[in-house]
Structure formats: C-alpha cells, structure tokens
Amino acid sequence: MLDCLRKNLPFQALDIFKRHLQLGFVDNVDHVTVALALKACHGDPKPGCQIHGFAVSSGLVSYITVSNSLMNMYCKSGKFAKALCIFENLSDPDIVSWNTVLSGFQKSEDALSFALRMNLNGVVFDPVSYTTILAFCSDDEFLFGLQLHSLAMKFGFDCEVFVGNALISMHSRCRQLVEAQRLFDEMPNRDLVSWNAILSGYTQEGDHGLEAIFTFIEMVREGMKLDHVSFTSAVSACGQVRNLELGRQMHGLIMKTGYGRHVSVCNVLMSLYSKCEVVEDAKLVFQIMNDRNVVSWTTIISVNEEDAVSLFNEMRLDGVYPNDVTFIGLIHAISIQTLVKEGQMIHGFCIRISFLSEPNVCNSLITMYAKFEAMEDSLKVFEELNYREIISWNALISGYAQNGLSQEALCTFISAIMESKPNEYTFGSVLSAIGAAEDISLKQGQRCHSYLIKFRLDMDPIVSGALLDMYAKRGNICESQKVFCEMPERTQFAWTAIISAYARHGDYDSVIKFFKEMEREGVRPDSITFLSVLTVCGRKGMVDVGRQLFDSMVKEYQIEPSPEHYSCMVDMLGRAGRLEEAEDLVSQIPGQPGLSVLQSLLGACKIHGNMEMGERIADALMEMEPTESGSYVLMSNLYAEKGHWEKVAKIRKGMRERGVKKEIGFSWVDTRVARGSLCLYKFSSGDMSHPQTEEIFRMAECIGLEMKFLREREREREHLQDNLV
DNA sequence: GTAGGGTTAG
C-alpha cells in the first residue's frame, strides 16, 4: 500500500487500506500510513471520515502528523469547521498544524486575524506561513502584505522561491505592477511559477494586455517550458487587446505542446474567439473538449445565444451544476431573443434550486421581464430581494424608462436615491425617462441635474450625454449647448445628441457645423446622427446636400439605411416637389416599404396637390394599416383642398365604419398648487373640463390680445424705420 | 503531514 501511495496511485492505495481495515489487519497500520492514506483522499470526505474513525479508535490520532493530515483533508473537502474543531482540541499544535488551518479559511479577514493569533501565541512564521498568508492579501489587505514583505526580508525568507513568487503575485493582485516586476527582475532563482505570476499580474490588471503579451514572448524566447497557466494568461491577454492573429498562433503552440484539450485553456480560447467575434471557432473549441466544467458551459451558453436553452439542458445532462454566472448568461440570452416561456421556466427553476438569493441572478430577471414588457413581474422580483443594491434599482428604473413608463421611472428613482447611492447608470436611465415624457415637468429634470452635481457625476460621459439629450428633447437647447461645452470627453452619443437637438429646432446651420466638427474630430457618426442631419436637410430644402450625405452614409460609413432613413429621404424629395424621384426611391427599398415611408410620400402628395399619386399611396396605406388615422386624415384633406367634397365625405364615413379615431393631441403646463409643490396639468384643444375654465379662457384671450398689440407695435416701428432710411 | 501561478459575468 505504501508503494501505491508513493507511486501516486491513490485509488488503489485507498482500496488496499480499506481491505486492511475490513480484514482486521490493523496492527500493520502505523501513523505514516494513515497520513498517506488521508492525502490520497484528495479532499473526498467519504473515505476521509472512515479513516478519521479508524484514527480515533486506534489511538493514532495522538500523532500530530495524523491530526494535521486529518485537518488538511477536512480543509480540502470544504468541511473547515471540522478541521478547526480538531485544531482547537490539540494540546500542542506545531507549525504545520497552524499553517494547515490557516490555509483553510475562506475569507481573507478571518485568515489574517488567525495569523495575528499565531503571532500573539509566539508562533514563528516559516516560509509556508508567509506564502499562505500572502495568498490572502488583496487590495484591502495591501498594508498587511507590505508588513509581511518586510518581515520576510528581515528573516531572509524572500529569497525562497515559494515566498518570492507569493510576493510577486501579492503585489500584482494589489495593482503594484512596477514593484511586482522589480521583485521578478531581482529574483535569483526564477521558475515557471514566477513567470506565470508576473504574466497573470499583467493579465488581471486591465489595460496591461500588451505587457502580458511581451512577457509571454520573452518567456518563449528564453526557452521557458510553458504550461496551462501560462497559456490561460497569455490567451486572455490576446482577448483583452482583441488580437486574433496572435491568439491563433498561440492556439497552434497550445496544440503542439499538448494543452489543446485542457479545460481552462479551452475556456479562455472560447472567450478569445467570442471577443474577436469568430463564434464558430469558439464552438469548435467547445466541441473538442473532453471534460467541460461549469465555466466551459457558461461560456458557450453566453457565446452561442441562439442555442442557450438547449445547451443549458445538455449541461445538466452532463452532470455539471450551474452557478450564478451560468444563469446570468442564460437569462441574458433568453432576454435578447424574447423567449417568454423559456424565461418563466428558468425563473421557476431558479426558485426551485434557491438561486434567487443571488442578487445578480435577480437583477438579470428584472431586466429580462422589462425586455418582455412585463414590468409587474420585474417589480415582483425586485420586491422579493433581500438586499436592494443600486444595480437592482437601476434595472427597475431602466426597465420603466424603456417601456415608456416615465412616471414610474421617476418615482423609482426618487425612492432609489433615498436608499442607495446612485451611479452613472441610475442617472442615465432616469434622464432618458424625463427626456421622453412630456407629462413630466422639466423642473424634475433640473432637480436631477442638481442631484447629479451633488453626487459628483456631472463630468461622467454617460451622465452628461444623457443630461444633454434630456434638455434637448425637452426643448431647452441652451442648457444642452452648455452641457456639451462643459463636457471633458465628447462621446459619439454626445455629438449625436447635440446634433439631433439642433435638428429638432430646425437649425440647419448648427447641425451642419456640428456634423463637420464631429467628422473633423474623428468621431464616427452613426445611423441616428445621419437621421438628424437628413431630417434638417429635408426641412430646409437642401435636397442635393441630403442626397450626398445619404450616399456617403451608405458608401463611406457602410451604414445600412433603416426605414426611418428612407422615409426621411422620401419626405425630403417629396417636400421639394420631386415626387417621381421619391416614388422611385420607395421602389428601391429592400422588402416592403414601411408605414412611415408611405405616409411621408402621401404627405408630400398633399403639399403638392398630386391627387393621382396620393390616391394610389393612400389605398396601399389603408390596406396595410386600416385603423391608422393619419392616412385617412391626409387623404381627406387633399380631397378637401381640391374641392372633392363627396370623396371627403366617403373617407369620413369609411373611418367611422372601421372605427378609426383620430388621436387627440394634448399639451401640458406646470401649475403651482402650493408652495414648492408642482402639479402638471394636461389639456386638449377646446378643453372645458377644468373648474376654472372661464377664467383660463379670459386670460388666454387677454394674452392673445397683448400679443397682437405687441406685434402691431413692432410692425409700426419697422415701418417708421424703413421710412427714415 | 502544511505552501506559490490561471479562466467565465450583470
């Protein structure tokens, strides 16, 4: 049996050990054998517990090596409490006992306080203690790590390669890459682990992908033997800098060195191919893998969204247990494909296996139901949360905003800032809700503006972009301009927002000026930018400029025109009276022309009195969307202008028969109810519902008269001036 | 008998 253990054949060794016990050959078993057998358990508590029983009954547990091995076995099998129990009952623990328990802690703060207890008990740290404690030191424990570093230097342990490597990785984890590199450079006896430690340091810290790649190339040049850890870090760095070419070369090297089926290496290769948008290659890697772990399955589910649900089922058949990340990927895949049934099923599954205690999973579910336009379900998930972090609030607010429930978005925002600290996404969502809603007072937008200054988020590109867009959509172009000028970093979103703001105001010169400036600064316009620019060209009758821009959008920027772009172009040509050209463009639209394109053309027919084309378009429209009032109204107005009253009557009758109603347009006004409290009042034309209707109409008449008076006075002055000149 | 380096994500 000892032979088997020494030859690293743990299963055979365990079998022999068990047979020994069953046959009662206990006299041959000594403390060394028990320790070796425990090591052979590799963290499997089942045989481990049996051996524990034997160690107690045979009295071998009194050997410190046996107790230490038992503790190690329990630490490795995740039963740390049992290990700690053994430790607390030891009368005379040695350094190995202390180190073993130390290695078993889950949380770094617990490990560090145990290290302090060692110190208080007069236990002198050995190199193993240093390496073990250093492994627990991350960002928050950096000062502790530094103290350990100087202690290790004092005792000369920093020259031990194990300790040196732990020091390098501790500094890497704490983002002290310069120091990590210095330690690495000054190491007299670097090994593969030292190289991997510095390599992974650069990989883990964002923005250092290139340094990681250079380190890897140096490793190859120095003829270092590479292993799975080197490859995982190096491939991950390639993914970070999106260098597919180098990644493929590394994949070749991986195949050559025999790591082509290693689970972690394959996982990171899949991630590389997915980041570089070669999904098929990621799938190929997944196919050749022998054993797939939860990360492999999670990655392929996130990469291959169309097959996510069936992959998830396959994963379960494969006996791999999902974790929170798996559900986040799966729910995301389900959301973007709007698979309502599957979404509800997975929600149920999460409830059954108690995964709703994972806040991230709940946040994904909130977002999923928002995508399904089922905000009541989003709210339900939200209300059942144990702890509401800002991400959960954000998911709910953006859900309301995206579903056009602006009032709810605003109310949720107000509750959110009372409970949590808002971040850039909170303001992004609520500002977009306020921007989209005419029935929310602009005062609320200004209130948000003051909040975001209070939270020092006014210089954030996401927030200032959303703020500028909100003011623009709500008609306050001066504020938009101000926000735009004060922005430290002008994103594509900001440029597009300011351009569309001026487009909405019909300010052709500013739109073209900003558009040219945007191009000059090397910011790529997107389809929305072009939509604004084309709209304003149409309004100002700049048809040839518009056509040129449309062509450059398609050819230079390779932006596929959307139905909105087409209707914008048709509108532009139509307004200019180039009706045949407009109809020609409609016929070029791939697939069926949409509702808005035809409505634009019909509008143009009305302006230019082209009844013949108008009738044709209106027929097509009424067939497409028999309940849409716009087409009926336009056509009836066209007939009315031409004096075809019998046709007007026919259309009006048709509308009544089909139950088509024209939607009423409303306006809003802020009214002060009491000091500080605002009430937004909605009214339509000829509205008599307000209790003070009489006074309101009188006042409106007064204002109208005053306007008329002012206008006449202005005219008189102009007249006088002209005469003087 | 105890120890150092790696991957996935809202």
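All chains are named by letter (A, B, ...) in the order of the sequence lines, taking the proteins before the strands, and each is independently numbered beginning at 1.
The backbone N or O of A:A166 sits nowhere less than 3.5 Å from a side-chain atom of A:T131 that would complete a donor-acceptor pair.
For A:Y74, the ring-ring contact (aromatic ring centres under 6.0 Å, His included) partners two or more places apart in sequence, or in a different chain, are A:H52. Under the side chain to side chain donor-acceptor pair (under 3.5 Å) criterion, A:S200 pairs with no residue at all, not counting sequence neighbours. For A:F216, the ring-ring contact (aromatic ring centres under 6.0 Å, His included) test picks out no residue, with sequence neighbours left out. For the ring-ring contact (aromatic ring centres under 6.0 Å, His included) test, residues two or more places apart in sequence or in another chain that qualify with A:F87 are A:W98, A:F114. Taking A:E277 as the reference, nothing meets the side-chain contact (heavy atoms from CB on, under 4.5 Å) condition, with sequence neighbours excluded. Listed by chain and residue number, A:F231 satisfy the ring-ring contact (aromatic ring centres under 6.0 Å, His included) test with A:Y259 (two or more places apart in sequence, or in another chain).
Taking atom CG of residue A:L70 and atom C1' of nucleotide B:dT2, one finds them 14 Å apart after rounding to whole Å. Straight-line distance from the CG atom of A:L90 to the C1' atom of B:dT2: 13 Å, rounded to whole Å. Atom pair A:N189:CG and B:dG5:C1' shows a separation of 16 Å (rounding to whole Å applied). Note: NZ (A:K39) to P (B:dA3) measures 9 Å, nearest angstrom. As a whole-Å value, the separation of A:M73 CE from B:dT2 P is 13 Å. The nearest whole Å value for the distance from the CZ atom in A:F114 to the C1' atom in B:dT2 is 12 Å. Summarising the geometry, the separation between CE on A:M118 and C1' on B:dT2 is reported as 10 Å, rounded to the nearest angstrom. Rounded to whole Å, atom P of B:dT2 lies 16 Å from atom CZ of A:F87.
Aromatic ring pairs are classed by plane angle as parallel below 30°, tilted from 30° to 60° and perpendicular above 60°; the pair A:Y321 and A:F355 is tilted.
For the pair A:N72 and B:dT2, the criterion of a side-chain N or O lying under 4.0 Å from OP1 or OP2 is met.
Less than 4.0 Å separates DNA chain B from at least one heavy atom of each of the following residues of residues 219-231 of chain A: A:D227, A:H228, A:V229.
In this structure, A:Y130 does not pack face-to-face on the six-membered ring of B:dA3, missing the 5.5 Å centre cutoff or the 30° plane limit.
Within the structure, salt bridge (Lys or Arg N to Asp or Glu O under 4.0 Å) pairs that include any residue of residues 76-90 of chain A comprise A:E88-A:R117 (at least two apart or interchain).
At a threshold of 4.0 angstrom between heavy atoms, the contacts of A:R173 are confined to the sugar-phosphate backbone, with no base atom among them.
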Detail all sub-3.5 Å separations between protein N/O atoms and N/O atoms belonging to nucleotides 7-10 of chain B.
from: B:dT7; atom 1: O2; to: A:N267; atom 2: ND2; distance (Å): 3.3
from: B:dG10; atom 1: N2; to: A:N360; atom 2: OD1; distance (Å): 2.6
from: B:dG10; atom 1: N3; to: A:N360; atom 2: OD1; distance (Å): 3.4

